[in-house]
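Reviewing the structure listed below.
All ligand and atom numbering here is 1-based and tracks the order in the structure.
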Amino acid sequence: MRLLQGKTALVTGVANRWSIATAIARELHAHGAQIVLTYQGERVKDEVEKLALELSNALVVPCDVSDEASLAALNATIAEKVGTIDTLVHSIAFVKKEDLGGKVYDTSRNGFALALDISSYSLIALVAHLRPSLNDGASIMALSYYGATAIVPNYNVAGIAKAALEAIVRYLAYDLGERGIRVNAISAGPIKTASSRQVAGFSKMIDKVTEASPLRRNITAEDVGRTAVYLASDLSAAITADVHFVDAGYHAMGMSPA
Ligand code: 0WD
């Protein structure tokens, strides 16, 4: 069944083939969605264009979420080239490497502001600019992590930024609910990507989930992609303001097995 036939999905955050956004774009496309990809800068443009070719020549648009002019230009390009969108995927985060380890009390004011700006405020900024291009009944989703609500050593300011992101998801869900627009977070288990490798001790986190989760396995980016299909589709029409865990159940464990 092509759940997303006739829908258009804008997917941010593709940096390379390991990006979670890459798997999400592939799964949305496999279920019939027309895809629009954004890329942050020239550094990743080639990789994103390569992916676009695989996805029925997806439209590729530059977008740096820290730049208001870039966000305004994205909305103008959407309006001109595809009209409106039904799905918006926020798969963006940035934290300085020195803030992904050590002590939270050593986080600089500037490092904190940068992390919250790119990883959290960016969802508000995207919605503010793309609001005219979002169809009523659209679905918005943002990628989060368990470190938003529980202590995950070394995740530090990234966890604080995810806590803000999850709160933003709830408030946007309220604001946009009057148009039937849904806003949810996917809280994904640990997946090896360019960003996650920056977290000190990251591979141990994967081992931990594999050993201690109810399903006794870790998750893949494809697991996240398929959840994104569900959240983008009408199957999840009554689900909003939610944080949906795709972590093999790890978040529900109160204690590791002996
Ligand atoms: O274990 C993981 N990998 C998890 C990731 C577990 C749970 C959640 N997540 C989240 C991340 O925090 C992020 O929100 O998933 C999202 C995607 O992360 P990813 O796929 O793990 O990482 P990556 O492939 O690096 O994509 C993140 C991208 C950036 O990549 P690079 O590597 O170039 O920093 O976010 C984008 C950029 O493409 N990005 C921006 N996009 C627009 N404007 C900006 C910006 N200013 N800054 C970063």
Numbered atoms of ligand 1 (with element) below 4.0 Å of Ala188, judged on heavy atoms: 6 (C), 7 (C)
Hydrophobic cluster identity match, Leu51 and Ile35, side-chain contacts under 4.5 Å: yes
Asn75 and Ser133: CA distance, side-chain angles, deciding distance, side-chain hydrogen bond (donor to acceptor under 3.5 Å, both in side chains) verdict: CA-CA 7 Å; Asn75 185 58; Ser133 298; 2.4 Å; yes
Any Phe202 heavy atom less than 4.0 Å from ligand 1: yes
Protein contact of atom 23 (P) of ligand 1 - nearest heavy atom, named by residue and atom, plus distance: Ser195 OG, 3.3 Å
Polar contact flag for Ala15 and ligand 1 (N/O pairs, less than 3.5 Å): no
Ligand 1 contact on Ala142 by region, counting heavy-atom pairs under 4.0 Å: neither
Shortest protein contact, atom 15 (O) of ligand 1 (heavy atom only): Leu143 CB, 3.3 Å
Atom pair CG (Asn135) and CD1 (Ile85), whose distance is rounded to the nearest 0.5 Å: 8.5 Å
Polar contact flag for Tyr145 and ligand 1 (N/O pairs, less than 3.5 Å): no
Top protein contact for atom 43 (N) of ligand 1, by heavy-atom distance: Val65 N, 2.9 Å
Those atoms of ligand 1 less than 4.0 Å from some heavy atom in Ser196: 1 (O), 2 (C), 3 (N)
Protein residue, atom and distance nearest to atom 9 (N) of ligand 1, heavy-atom basis: Ile20 CD1, 4.0 Å
Ligand 1 to Ala194 polar contact by distance, N or O atoms, under 3.5 Å: no
Closest approach of any protein heavy atom to atom 44 (C) of ligand 1, naming residue and atom: Gln40 CD, 3.5 Å
Any Leu114 side-chain heavy atom under 4.5 Å of Phe94 side chain: yes
Name of the residue among Thr12, Val44, Val14 meeting side chain to side chain contact (heavy atoms under 4.5 Å, CB included) with Tyr39: Val44
Short N or O distance, Thr193 and ligand 1, threshold 3.5 Å exclusive: yes
Tyr250 side, atom OH; Asn218 side, atom CG - distance, nearest 0.5 Å: 11.0 Å
Beyond-backbone contact of Gln34 with Leu59, side-chain heavy atoms, under 4.5 angstrom: no
Ligand 1 contacted by Gly189 (non-hydrogen, < 4.0 Å): yes
Subset of ligand 1 atoms that lie under 4.0 Å from at least one heavy atom of Cys63: 42 (C), 43 (N)
Polar side chain donor-acceptor pair, Thr210 to Asp207, under 3.5 angstrom: no
Check: Asn156 side chain, Gly101 main-chain N or O, donor-acceptor pair, under 3.5 Å: yes
Nearest neighbour in protein (non-hydrogen) for atom 16 (C) of ligand 1: Ser91 OG, 3.4 Å
Nearest protein heavy atom with distance in Å, relative to atom 24 (O) of ligand 1: Ser19 OG, 2.6 Å
Contact (N/O only, under 3.5 Å) between Arg43 and ligand 1: yes
Residue portion contacting ligand 1 (non-hydrogen atoms closer than 4.0 Å) for Ile118: side chain
Short N or O distance, Lys162 and ligand 1, threshold 3.5 Å exclusive: yes
Side-chain (Asn16) to main-chain (Ser19) donor-acceptor, under 3.5 angstrom: yes
Modelled atom types, side-chain donor and acceptor of Lys208 and Ser256, under 3.5 Å: yes
Numbered atoms of ligand 1 (with element) below 4.0 Å of Asp64, judged on heavy atoms: 43 (N), 45 (C), 46 (N)
ILVMFWY network linking Val209 to Val246, side-chain heavy atoms under 4.5 angstrom: no
With Ser144, the side chain to side chain donor-acceptor pair (under 3.5 Å) member among Glu166, Lys162, His90: Glu166
Heavy-atom nearest option to atom 41 (N) of ligand 1, drawn from Leu114, Val224, Ile92: Ile92
Atom 3 (N) of ligand 1: nearest protein contact (heavy atom, Å): Ile191 O, 2.9 Å
Where ligand 1 meets Gly13 - atom numbers and elements under 4.0 angstrom, heavy-atom basis: 26 (O), 28 (C)
Residue-ligand contact His90/ligand 1, heavy atom below 4.0 Å: no
Non-hydrogen atoms of Tyr146 and Ser187 that approach each other most closely: N-OG, 3.3 Å
